[in-house]
Amino acid sequence: MKRPEKEEVVAELTGKFRNSDAILLTEYRGLSVPQIADLRDKLGRDTSYTVAKNTLARIAAKEAGVEGLDEFISGPTAITFVKGDYVQAAKTLRDFTKANKQLVVKGGFADGTVYDDEGVQKLADLESREVLLSKMAGALKGTMAKAAFAFVALPTKAVRTIDALREKQEKAA
């Protein structure tokens, strides 16, 4: 690869590193082209699965300000650039590795944190964003219902006490 071509590849990779919400690194050794195409389909439109030269990937990551991935960029490395829900992408990679043992998740980067293979596995084990949001909404709804009951209970108790006092005075009179 000639120098201008390398600079063009580095510029493209740098843009992908900057515009991604997360980066997941895998070793694809032993996967066939149809298997990689299947993985790309499963990852979806917002995620790109790119095979790049390690040296160029390291340079692009450094230029994009992504630090800590150098140890994972060795051997045959494919980079998953994720836009949006990176937990779903980690789940997709995890599920794909169950069926295709040749794919090995090396590590990743998301929200300023570098993850090793175990960290990416923990990301994949998280519940989806929708489930977490619905659980939070349910908890908030329960808390608001308790607060509403507490706010209504005080005036109701006061009215009942006043009513009981009024009845007591009527009986005494």
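Start at 1 with the first residue, then count along the sequence. None of the values given here were measured: they were computed from a predicted structure.
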Expected output: side-chain [X] to main-chain [Y] donor-acceptor under 3.5 Å:
X: Asp85; Y: Val87; result: yes
X: Lys6; Y: Leu56; result: no
X: Asn19; Y: Gly15; result: yes
X: Asp46; Y: Val82; result: no

Requested in this report: Report, as yes or no, whether the 6.0 Å neighbourhood of atom CZ on Arg166 holds more than 12 heavy atoms from other residues, nucleotides or ligands.
Outcome: yes
Query raised in the report: For Glu8, does the CD atom have more than 12 heavy-atom neighbours from other residues, nucleotides or ligands under 6.0 Å away?
Result: no
Query raised in the report: Going through the distances and angles, do Thr26 and Tyr49 end up as a side-chain contact (heavy atoms from CB on, under 4.5 Å)?
Result: CA-CA 10 Å; Thr26 61; Tyr49 190 75; 2.7 Å; yes
Report task. Check the hydrophobic clustering (I, L, V, M, F, W, Y; side-chain heavy atoms under 4.5 Å; chains of links allowed) and say if Phe109 and Val104 are grouped together. Result -> no
Query raised in the report: Do Val105 and Val51 belong together in a cluster built from hydrophobic side chains that touch within less than 4.5 Å?
Result: yes
[X] side chain near [Y] side chain, heavy-atom distance below 4.5 Å:
X: Leu93; Y: Leu39; answer: yes
X: Phe81; Y: Thr47; answer: no
X: Phe72; Y: Thr77; answer: no

Separation between [atom1] of [X] and [atom2] of [Y], rounded to the nearest 0.5 Å:
X: Leu133; Y: Leu140; atom1: CG; atom2: CG; answer: 10.5 Å
X: Thr80; Y: Leu25; atom1: OG1; atom2: CG; answer: 7.5 Å
X: Arg94; Y: Asp125; atom1: CZ; atom2: CG; answer: 5.5 Å
X: Thr97; Y: Gln102; atom1: OG1; atom2: CD; answer: 11.0 Å

Determine the minimum heavy-atom distance between [X] and [Y], stating which atoms define it.
X: Val10; Y: Ala60; result: O-CB, 3.8 Å
X: Leu123; Y: Ala90; result: CB-CB, 4.3 Å
X: Lys101; Y: Lys98; result: NZ-O, 3.4 Å
X: Arg18; Y: Ala64; result: CG-CB, 3.7 Å
X: Gly107; Y: Val120; result: C-CG2, 3.6 Å
X: Leu13; Y: Ala52; result: CD1-CB, 3.8 Å

Query - Sequence-distant partners of Arg40, salt bridge (Lys or Arg N to Asp or Glu O under 4.0 Å), two or more places apart - result: none
Query - Between Ser20 and Tyr86: side-chain donor-acceptor atoms closer than 3.5 Å - result: no
**Report entry** Residues Lys62 and Asp70 bridged, charged N to O under 4.0 Å
**Finding:** no
Report task. Test side-chain contact (heavy atoms from CB on, under 4.5 Å) on Asp38 and Lys42 and set out the steps. Result -> CA-CA 6 Å; Asp38 182 41; Lys42 289 180 179 178; 3.4 Å; yes
Query raised in the report: Going through the distances and angles, do Lys91 and Asp95 end up as a salt bridge (charged side-chain N to carboxylate O under 4.0 Å, His left out)?
Result: CA-CA 6 Å; Lys91 286 178 193 252; Asp95 295 343; over 6 Å; no
Requested in this report: Step by step, work out the salt bridge (charged side-chain N to carboxylate O under 4.0 Å, His left out) result for Glu118 and Lys122.
Outcome: CA-CA 6 Å; Glu118 291 177 15; Lys122 287 179 183 176; 5.5 Å; no
**Report entry** Pair Glu167-Lys171, salt bridge (charged side-chain N to carboxylate O under 4.0 Å, His left out): steps then yes or no
**Finding:** CA-CA 6 Å; Glu167 284 181 24; Lys171 286 181 183 177; 5.2 Å; no
